[in-house]
Amino acid sequence: MEAGTAPRSRCLLDENTFTENFKNQINTRKTYLCYEVEIVDGDARVPLDEIKGFVHNKGANQPGEPCHAELYFLDRIHSWTLDRRLHYRLTCFISWTPCHTCAQELATFLGENSHVSLHIFASRMYRRFDYEAGLRRLQAAGAQIAIMTSKEFEHCWETFVDHQGRPFQPWDGLEVESQHLCKKLQEILQTQQN
DNA sequence: ATTTTCAAT
């Protein structure tokens, strides 16, 4: 029954939720991950609008086992049962770069699914434990990792936020912070492994 | 030059 199609608002983020979680100068204890999927056909890319959306982590302060956003994302990907004969480009916009463990999980997934390529844009850099090695491993597995700039924030606002027609309002210092993080990420990703 | 952050390294 086509009549049961979910309303568009179900996969849109509240304005404040977006800003509170993606603002790149403040730290949060939550992680949001917005994703888009395209089929790649030669030079052309066809968006699969029906499966775009977002997930967020489950914190240690909530009932049940904690779970990072990336693992929910991987669950979603598996639920789509993507056709191995096609090529898909997944883009995700995540409020923190993946931790070491999640980076490894994503790298493993990419290793097993050559029909999928992954582009990650992050608003902030998660810098705990072995995060640098995790990011390098993820890059080595073929993922493109970058820091969100105003272009990506605006794209997310337009695509994933219930903005009621209001334009994206960049916060003070957005660019400066983004550029700083870009530089840090480049340093990490350019460092030789071993 | 900038860290405490998907809580508890």
Interatomic distance where CZ belongs to A:R29 and P belongs to B:dC6 [whole Å]: 6 Å
Interatomic distance where OH belongs to A:Y32 and C1' belongs to B:dC6 [whole Å]: 12 Å
Pairing residues for A:E132 by the salt bridge (Lys or Arg N to Asp or Glu O under 4.0 Å) criterion, not counting sequence neighbours: none
Stretch residues 94-104 of chain A: residues that reach within less than 4.0 Å of DNA chain B through a heavy atom: A:W96, A:T97, A:P98, A:C99
Listed pairs under 3.5 Å, donor-acceptor, residues 172-179 of chain A side chains, sequence neighbours left out:
| unit_1 | atom_1 | unit_2 | atom_2 | d |
| --- | --- | --- | --- | --- |
| A:E175 | OE2 | A:S150 | OG | 2.5 |
| A:S178 | OG | A:M148 | O | 2.8 |

Nearest-angstrom distance, C1' atom, B:dT9 to B:dT4: 11 Å
A:V161 reachable from A:Y35 in the ILVMFWY side-chain graph, under 4.5 Å edges: no
Heavy atoms from other residues, nucleotides or ligands near CG of A:D83 exceed 12 (cutoff 6.0 Å): yes
Ring centers of A:F153, A:W171 separated by less than 6.0 Å: yes
Candidates B:dC6, B:dA7, B:dT9 - which lies nearest the side chain of A:P66: B:dA7
Using atom types as modelled, flag every donor-acceptor pair under 3.5 Å from a side chain in residues 100-112 of chain A to any protein atom, sequence neighbours excluded.
| unit_1 | atom_1 | unit_2 | atom_2 | d |
| --- | --- | --- | --- | --- |
| A:H100 | ND1 | A:D130 | O | 3.2 |
| A:H100 | NE2 | A:Q104 | OE1 | 3.1 |
| A:T108 | OG1 | A:Q104 | O | 2.9 |

Listed nucleotide nearest any side-chain atom of A:F129, set B:dT9, B:dT4, B:dA7: B:dT9
Aromatic ring pairing A:F22/A:F18, orientation class (parallel under 30°, perpendicular over 60°, tilted between): parallel
Residues touching DNA chain B, which here means a heavy atom under 4.0 Å, drawn from residues 173-186 of chain A: A:H180
C1' gap between B:dT2 and B:dA7, integer Å: 22 Å
Pair up each side-chain donor or acceptor in residues 54-71 of chain A with any protein partner under 3.5 Å, not counting sequence neighbours, and list the distances.
| unit_1 | atom_1 | unit_2 | atom_2 | d |
| --- | --- | --- | --- | --- |
| A:N57 | OD1 | A:T31 | N | 2.9 |
| A:K58 | NZ | A:P63 | O | 3.3 |
| A:K58 | NZ | A:E65 | O | 3.4 |
| A:Q62 | OE1 | A:G59 | N | 2.6 |

Nucleotide nearest A:A60 when distance is taken to its side chain, options B:dT9, B:dA7, B:dC6: B:dA7
